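Counting from 1, the numbers follow the sequence of the chain as shown. Predicted, not measured: the structure shown is a model, and the values here were computed from it. Start at 1 and go down the list; that is how both ligands and their atoms are numbered.
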Amino acid sequence: MSDINLYKMIPKVDELLENELIKNLEDKVARKTIVDSIRLATESIRASINGGKEHEEIKEMIRELGETVVRLASKKSSFKLRPVINATGVVIHTNLGRSPVNPEILDHLREVAKGYSNLEYDLEMGSRGSRYSHLEEVVAEITGAESAMVVNNNAAAVLLVLSTLASGKEVIVSRGELIEIGGAFRVPDVMAQSGAKLIEVGTTNKTHKRDYEASISEDTGAIMKVHTSNYRIMGFTSAVEASELKDVSKKNNIPLIEDLGSGVLVDLSRYGITYEPTVMDSLKNGVDVVTFSGDKLLGGPQAGIIVGRKKFIDQMKKNPLTRAFRVDKFTISALEATFRYYLDEDTVVSKIPTLKMLTYSREILQEKGERLMGMLSREDLQKRVGLTLQDDYSEVGGGSLPMEKLPTKCVVIELEEGSTARFEELLRTNTIPVIARIYRDKVYLDVRTIDDSEMEIVSKAVRRAIDGLEECKK
Ligand SMILES: *Cc1c(COP(=O)(O)O)cnc(C)c1O
């Protein structure tokens, strides 16, 4: 057969639109996407003829056109931001969206979002209200703070606090607390952006109360503490506690502010995790304004929460930056629901997925591991790759508790032949991607961050990856 006849065998767009497989797409996919996919698929066949590909292969491509178009169109029309399965064991994984939220919250969110709401409307007065009012009561009840407000994230919260209280003035910070958080949040840079002047005191490992006292001047706008959430200084060290700094700030009538980072609201040491200072500790120690993230250890949506003295927070509400950093009804609704879980100390850890994953008992992790192993064995996969359940460690992540090693269970996959990197890629390109960890040429699936409802998908994805590797070999 000549090339000319091969070109003629390629069906026309109109003919393909009548193809049974392609017709089925019409309910789900925009017509333009279907037509674009048809063009892409037929052009690729023409290019193959041009390139001198075997005629038998070309004919096969033409026979499979329907499937090819369906695949291209489905790929083109699928959401770009979509769920993945976190098998890395890093609980607060910033690249994977930090804290998952309890689906119960979403019912409420749905009700609020699908219609109008009293976002900025005072139902008692019948007049304009404040979007921050919805959170004030619940935050006050949990933390004891006089007042609260919420902005886009903690970086914005810190910038707003500094800009409101210390623009054009000096802010005293210990050299041991001049941190960088991933993604270009650096205390000195945020300080410069706010218009405040950074006054560094002490040394990297030791800062004393007298260092702060010696730096106070009439230009001082605030004393700031930063929780070194993502690193620790060990050995010959000393830092000045907020409770001691309170004397200095009070005597000089200067606000004491603290960037807590994670903003934990429960004492994690009750669950065998290293004690992390809580928001309540900060306030009790006399800090005037505390900032923390909504989606780290709090376990809610992305947000920056500011709590503390009403007179300072009222000033912040009037700062024009507040408008630029403001949160929408989705965030407020999810945050209010998240905070409400904290009203019941006994159930909060089971209700907030981040806390639940961090506090799983060894028995639960063992049981989760055995369940996943069981599913993989049922598919007879242990005959095709090495499969073992091993002890390992998970991480808290999100720049929180960097030294914490949480004992966990991992399903470890060892290939007899084939590329481990390719295997990991096949898991990652699954319809619902499975994000795994490679260590010493083995694939680790940490069961801590795999929800029970996701086990079946993980097991199928592993089978697909094994099939995929064997397909390559053929
Ligand atoms: C994480 C963190 C931030 C940044 O918070 P985002 O919510 O990511 O903006 C700032 N300061 C500290 C101490 C942190 O740990």
Do other residues, nucleotides or ligands put more than 12 heavy atoms under 6.0 Å from [X] [atom1]?
| X | atom1 | answer |
| --- | --- | --- |
| K209 | NZ | yes |
| R340 | CZ | no |
| K76 | NZ | no |
| R175 | CZ | yes |
| R232 | CZ | yes |

Exercise. Nearest non-hydrogen atom to atom 8 (O) of ligand 1 belongs to which of Q302, R186, K296, R98?
Worked result: R98
For this session: Kindly identify the option in V187, L159, N152, N154 whose heavy atom sits closest to atom 3 (C) of ligand 1.
Result: N154
Exercise. Would you find a donor on one side and an acceptor on the other, under 3.5 Å apart, between the side chain of S167 and the backbone of T164?
Worked result: no
Numbered atoms of ligand 1 (with element) below 4.0 Å of [X], judged on heavy atoms:
| X | result |
| --- | --- |
| S293 | 5 (O), 6 (P), 7 (O) |
| D259 | 10 (C), 11 (N), 12 (C), 13 (C) |
| A155 | 5 (O), 6 (P), 9 (O) |
| F185 | 10 (C), 11 (N) |
| H227 | 13 (C) |

Seminar exercise, completed: Of all protein heavy atoms, the one nearest atom 15 (O) of ligand 1 is S229 OG, 2.6 Å
For this session: Rounded to the nearest 0.5 Å, what's the gap from OG on S99 to CG on D295? Could you check?
Result: 6.0 Å
For this session: Determine whether the side chain, the backbone, both or neither of I179 has a heavy atom under 4.0 Å from any heavy atom of ligand 1.
Result: side chain
